[in-house]
Amino acid sequence: MKNIDYDSIAHSKTRLRYHVIFSTKYRRHCLEDVKDQVLASFKYGEDKSDYKILVMNLESDHIHFLLKWKPSLSIEQVVRRMKQMSTVYLWEHCNRHFKKHYWRNKKIWTGGYFCATIGNVSEANITKYINQQG
């Protein structure tokens with residue numbers, strides 16, 4: 001039997017992985033020119049939060065993640081934290097760039113998101129899919 005890496009918390013063992021996608025507000029194609037800063041913004045948020053980014057990659061108007069977090073956190077809590085932290089970071093570091101796309105208020109992401117557990121799809125397949133984006 002294959003040795004699976006489980007996360008242990010208190011008296012629980014879990015292996016929860018989520019495929020999450022955020023789109024830019026109005027599907028504006030504004031991420032590629034600041035790709036390094038966008039990726040850094042999510043790493044910054046990860047360092048200050050309770051989720052772990054396993055894989056991430058972006059296209060010009062959306063970003064894909066393979067994530068894990070404690071089962072006590074809801075999807076909504078993690079998504080809200082990721083969007084808030086990355087938005088603050090990006091407006092601080094790329095203000096001039098994002099003002100061209102979002103001049104009225106300091107938003108980058110839509111209110112919605114896509115999230116699915118990876119279930120029977122292997123982590124390797126999701127990782128390969130995300131890495132092939134862009």
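Quick caveat, the model's predicted, so the values are computed rather than measured. Side chains included, hydrogens not; waters and symmetry mates left out as well; all remaining heavy atoms used. For reference, positions follow the sequence shown, starting with 1.
- Judged purely by atom type and a 3.5 angstrom limit, Ser41 uses its side chain to pair as donor or acceptor with the backbone of Val38.
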* Any chance you could lay out the salt bridge (Lys or Arg N to Asp or Glu O under 4.0 Å) test for Asp7 and Arg15, step after step, and finish with the verdict? => CA-CA 6 Å; Asp7 299 313; Arg15 188 169 196 294; over 6 Å; no

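- Side chain to side chain, Ser23 and His62 fail the donor-acceptor criterion of an N or O pair below 3.5 Å.
- Panel note: side chain Asn57, backbone Ile130; a donor-acceptor pair is recorded below 3.5 Å.
- Counting heavy atoms from C-beta on, the side chains of Lys107 and Thr87 never come closer than 4.5 Å.
- Between Leu54 and Leu67 the shortest side-chain heavy-atom distance does not fall below 4.5 Å.
- Note on Lys43 versus Glu46: salt bridge recorded, some NZ/NE/NH1/NH2 to OD/OE distance being below 4.0 Å.
- In this structure a side-chain-to-backbone donor-acceptor pair under 3.5 Å is present from Arg81 to Lys48.
- Between Lys25 and Thr110, the side chains place no donor N or O within less than 3.5 Å of an acceptor N or O (distance only, hydrogens not considered).
- Ring geometry, Trp69 versus Tyr18: the interplanar angle falls under 30°, so the pair is classed parallel (tilted spans 30 to 60°).
- In this structure, Tyr44 has its ring center closer than 6.0 angstrom to the ring center of Tyr89.
- By the side chain to side chain donor-acceptor pair (under 3.5 Å) test, Lys83 is found to be paired with no residue, residues two or more places apart in sequence or in another chain being considered.
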* To do: Could you give me the CA-CA distance, side-chain angles and deciding distance for His101 and Tyr26, then say whether ring-ring contact (aromatic ring centres under 6.0 Å, His included) is met?
  => CA-CA 10 Å; His101 300 280; Tyr26 313 118; over 10 Å; no

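- Classified by interplanar angle (parallel below 30°, tilted 30° to 60°, perpendicular above 60°), the ring pair Phe65/Phe42 is perpendicular.
- Every residue two or more places apart in sequence or in another chain that forms a side-chain contact (heavy atoms from CB on, under 4.5 Å) with Lys100 is listed here: His97.
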